[in-house]
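Let me begin by presenting the structure, written as structure tokens, before commenting on it.
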Amino acid sequence: MKKLLLLLCMVSAVANAKPLGPAEQAVKFNKWYVSQIAKDIYPILDGNEIDKFVTASTMKKLRHTQDPGYGEESDVFYDADLFLKAQDIRDDWSANVAAIAVDSDPVCVNVYIAFGKKQEHVVVDCMVKENGAWKVQSVTAAQYTRNVAGDK
């Protein structure tokens, strides 16, 4: 009887679990992504876990950039990480990832993600629903000035 009750509680918890919204999913992705980069793991190349967070069409394009000879006939050059829009991560980014604003347009839900204790680095994740889950479609760097009382 106790086992049956425990099983019913577990099933109930799973059934009542709500899928993450776009802001929560964007934060979850960026925390995971920064932690991977901090360990010198590059998710576009290593494994498929990133597929849970990024749309299939975006991943197809990004994986194509890894093909031998890609960009040899053009001026394609990326000087920053495609998801972080930075060349390096700072020591305090892994523990400090936050959604600071959200807005919507006809294409996606834009989630502004700040990194670091001072939230000085901000990107905008364009989030879309794919197969019932919110995923990153694209990322852009944000020009964002944080005005906090007492800051000069």
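A donor-acceptor pair shorter than 3.5 Å cannot be found between the side chains of Tyr112 and Asp125.
Summarising the geometry, atom CD belonging to Gln36 is positioned 10.5 Å from atom CD1 belonging to Ile89; distances are rounded to the nearest 0.5 Å. The distance from atom CD of Glu49 to atom CD1 of Ile41, rounded to the nearest 0.5 Å, is 9.0 Å. Atoms CG and NE2, on Asn96 and His121 in that order, are 13.5 Å from each other to the nearest 0.5 Å. Here the CH2 atom belonging to Trp134 is positioned 12.0 Å from the CG atom belonging to Leu20, to the nearest 0.5 angstrom. Distance check, rounded to the nearest 0.5 Å: CG of Leu62 to CD1 of Ile44 gives 4.5 Å. Rounding to the nearest 0.5 Å gives a distance of 4.5 Å between CG of Asp51 and CZ of Arg63.
Met127 has its side chain within reach of Gln25: a pair of non-hydrogen atoms, C-beta onward, lies under 4.5 Å apart. Contact annotation: the side chain of Val136 never approaches that of Thr58 to less than 4.5 Å [non-hydrogen atoms, C-beta and beyond]. With contacts defined as side-chain heavy-atom distances shorter than 4.5 Å, the pair Trp93/Asn30 does not qualify. Residues Phe53 and Lys135 have side chains not in contact (no heavy-atom distance under 4.5 Å, counting atoms from C-beta outward). The closest side-chain heavy-atom distance from Val97 to Ile113 is below 4.5 Å. Residues Val122 and Ile100 are in side-chain contact: their nearest non-hydrogen atoms beyond the backbone lie under 4.5 Å apart. Annotation: side chain of Val34 is in contact with side chain of Leu84 (closest heavy-atom distance under 4.5 Å). Val102 is not listed as a side-chain neighbour of Asn110, based on a closest heavy-atom distance of 4.5 Å or more.
A salt bridge between Asp46 and Lys39 is absent, with no side-chain N of the basic residue lying under 4.0 Å from a carboxylate O of the acidic one.
Dense packing is recorded around CG of Asp103, with more than 12 heavy atoms of other residues, nucleotides or ligands lying under 6.0 Å away. By the neighbour-count criterion of 12 heavy atoms within 6.0 Å, atom NZ of Lys28 is sparsely surrounded, having that number or fewer from other residues, nucleotides or ligands.
In terms of modelled atom types and a separation under 3.5 Å, the side chain of Asp105 and the main chain of Cys108 share a donor-acceptor contact.
Each of Val111 and Val128 belongs to its own hydrophobic cluster when Ile, Leu, Val, Met, Phe, Trp and Tyr are linked at side-chain heavy-atom distances under 4.5 angstrom.
Ring geometry, Tyr33 versus Phe83: the interplanar angle exceeds 60°, so the pair is classed perpendicular (tilted spans 30 to 60°).
A pairwise comparison of heavy atoms in Ala114 and Gln119 identifies CB-CB, 3.6 Å as the closest pair.
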